[in-house]
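Worksheet: one structure, shown below.
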Amino acid sequence: MKQQLKYDIMEVCLLAGKLLLESGAETYRVEDTMMRIAASFGIPQSHSFVTPTGIIFSIETSEPTKTKLIRISERTTDLKKVTMVNRISRKISEGNVTLDEAYEMLMEVKTANLAFSFPIQVLAASISSGCFLIMFQGKWADFIPALAAGGFGFFVLVFFQRLLQIKFFTEFLASMMIGLISLGLVRSGAGTELDKIIIGSVMPLVPGLLITNAVRDLMAGHLLSGLSKGAEAFLTAFAIGSGIAVVLTFL
Amino acid sequence: MEQVLTSFIASAGFGILFNVPKESLIKCGFVGTIGWMGYLGLTEAGMDLVLATVLSAFLVAVISQFFAKKYKTPIIIFTVAGIIPLVPGGMAYDAMRNFVQNDYNAAINLAAKAFMISGSIAMGLVFSEVVNQLIRKSKLGLRK
């Protein structure tokens, strides 16, 4: 096997891993996918070390081991990309895709903008907030206030995330906004139960996915990923909590 | 009945936030509804919150695994949407509220409980994975 070919294989594996990790896939899936791709291109021995902020990947051949490291700085949740990369990796495993084709397909996924449009996302967030209110035994009278607070909170979150790079601060602002709106609506008589409205509207911000993923990673032996995801989840929860807390102290 | 409807819409809404493929949205809602119904039923039957969460997370994971295999998609798509209703957001909020009001005893109590519940969600998920692997491996063993 030629030198360049091996580097190309690594490149494809790492691109797939990077896309998966940035889109919020589980740690084990990232490792598994990269090793499978390497194996189906004829490199049975590969090692990967995946943390939420970087991937180290090395392949073993008859020559000295080659290792590459890439940094992951952005993490979102985009399950559509996870699905697509998964599909590509299945195709690669079946063996009817060349290296170049695989690379091109992955690049396509990378550049594609698959997200639902922003208004739809806000709408989904606000409707979910309203539904959560009902699920937590809230009254139908509070449905509209939760709709407003949840939608606006999510809008603030996404809007400021584009301007600021500090995740903690945008979450803080969003939950503060939710607190303010809920408080305002309750004071003006439009809402009745402040607690229920806030709980419902905060749900789209809550790092539930991160917390469960963190514990799962820990149990699966990915200690470093587990701890760092746990820390991220804790920071988010803390940001949301303090945002609400700031408003509540004005009560 | 309204619980069924709202949990369906809420889970599907979360599917949109997490950018689930469009064709999976309805299934996400379905998984979410089943998880929430299981949870509600168990807690109303007087079961402990933690145990009820473990069981319903297990239920969610089993159904997600079934869907994931059937439609050849990553399992995370269904588990995420299904689990969101079980996340102890309300409890975490109550804990925070008590912290702010300087009632640390109640706050620590609630925070510990919220932590236990999120742990039990993960437990439920891991259990189902273990069961799944056991089944798969034992079948493989038979074939050999």
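Just so we're on the same page: letters track the sequence lines, and every chain starts at 1. Only a predicted model underlies this, so the values are computations on that prediction, with no experimental measurement involved.
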Next on the checklist: I'd like to know whether CZ of A/Arg75 has more than 12 heavy-atom contacts from other residues, nucleotides or ligands below 6.0 angstrom.
Outcome noted: yes
Checklist entry - Can you check whether A/Asp78 reaches B/Asn19 side chain to side chain, under 4.5 Å on heavy atoms? => result yes
Checklist entry - Should the heavy atoms of other residues, nucleotides or ligands under 6.0 Å from CD1 of B/Ile26 be counted, would the total exceed 12? => result no
Checklist entry - What part of B/Ile77 lies closer than 4.5 angstrom to a heavy atom of chain A: side chain, backbone, both or neither? => result both
Checklist entry - Considering only heavy atoms, which portion of A/Val82 lies under 4.5 Å from any heavy atom of chain B: side chain, backbone, both, or neither? => result both
Next on the checklist: Can you confirm whether A/Phe168 is buried at CZ, in the sense that more than 12 heavy atoms of other residues, nucleotides or ligands lie under 6.0 Å from that atom?
Outcome noted: yes
Next on the checklist: Are B/Thr73 and A/Asn86 packed together at the side-chain level, in the sense that at least one heavy-atom pair is separated by less than 4.5 angstrom?
Outcome noted: no
Checklist entry - For B/Met96 and A/Ala245, which heavy atoms make the closest approach, and how far apart are they? => result CE-CB, 4.5 Å
Item to check | Heavy-atom check, side chain of B/Pro74 versus side chain of A/Thr83, under 4.5 Å | outcome: yes
Next on the checklist: Looking only at the aromatic ring of each residue, does the gap between the centers of B/Phe14 and A/Phe132 stay below 6.0 angstrom?
Outcome noted: yes
Checklist entry - How close do A/Cys131 and B/Thr6 get, heavy atom to heavy atom, and via which atoms? => result CB-O, 3.4 Å
Next on the checklist: Report which part of B/Leu25 has an atom under 4.5 Å of a heavy atom belonging to chain A: side chain, backbone, both, or neither.
Outcome noted: side chain
Checklist entry - What are the two closest heavy atoms between A/Ala124 and B/Gly13, and how far apart are they? => result CB-O, 3.7 Å
Next on the checklist: Tell me if the CZ atom of A/Phe118 is crowded by more than 12 foreign heavy atoms within 6.0 Å.
Outcome noted: yes
Checklist entry - chain B heavy atoms under 4.5 Å from A/Ile134: which part of the residue, side chain, backbone, both or neither? => result both
Checklist outcome for this item: Nearest heavy-atom contact between B/Leu40 and A/Gln137 is CD2-NE2, 4.5 Å
Next on the checklist: So for atom OH, which belongs to A/Tyr28, do other residues, nucleotides or ligands contribute more than 12 heavy atoms lying within a distance under 6.0 Å?
Outcome noted: yes
Checklist entry - Would you find more than 12 non-hydrogen atoms of other residues, nucleotides or ligands less than 6.0 Å from B/Lys113 atom NZ? => result no
Next on the checklist: Please determine whether the number of non-hydrogen atoms from other residues, nucleotides or ligands lying under 6.0 Å from atom CZ of B/Phe99 exceeds 12.
Outcome noted: yes
Checklist entry - So what's closer than 4.5 Å to chain B heavy atoms on A/Leu79: side chain, backbone, both or neither? => result both
Next on the checklist: Just checking B/Met116: does its CE atom have more than 12 heavy atoms from other residues, nucleotides or ligands closer to it than 6.0 angstrom?
Outcome noted: no
Item to check | Residue among A/Met84, A/Lys196, A/Arg90 with most heavy-atom pairs under 4.5 Å to chain B | outcome: A/Arg90
Checklist outcome for this item: A/Glu26 and B/Ile75 have their tightest heavy-atom pair at OE2-CG2, 3.9 Å
Next on the checklist: Nearest 0.5 Å, please: how far is CD1 in B/Ile76 from CZ in A/Arg29?
Outcome noted: 7.0 Å
Checklist entry - Can you check whether A/Ile198 reaches B/Arg97 side chain to side chain, under 4.5 Å on heavy atoms? => result no
Next on the checklist: Distance check, rounded to the nearest 0.5 Å: A/Arg87 atom CZ versus B/Lys72 atom NZ?
Outcome noted: 11.0 Å
Item to check | Structural part of B/Val126 lying under 4.5 Å from a heavy atom of chain A | outcome: side chain
Item to check | Minimal non-hydrogen separation, B/Ala10 against A/Ser128, with atom names | outcome: O-OG, 3.6 Å
Item to check | Inter-residue atom distance B/Asp94.CG - A/Ile199.CD1, 0.5 Å rounding | outcome: 5.5 Å
Checklist entry - From B/Phe18 CZ over to A/Gln121 CD, what is the distance, rounded to the nearest 0.5 angstrom? => result 11.0 Å
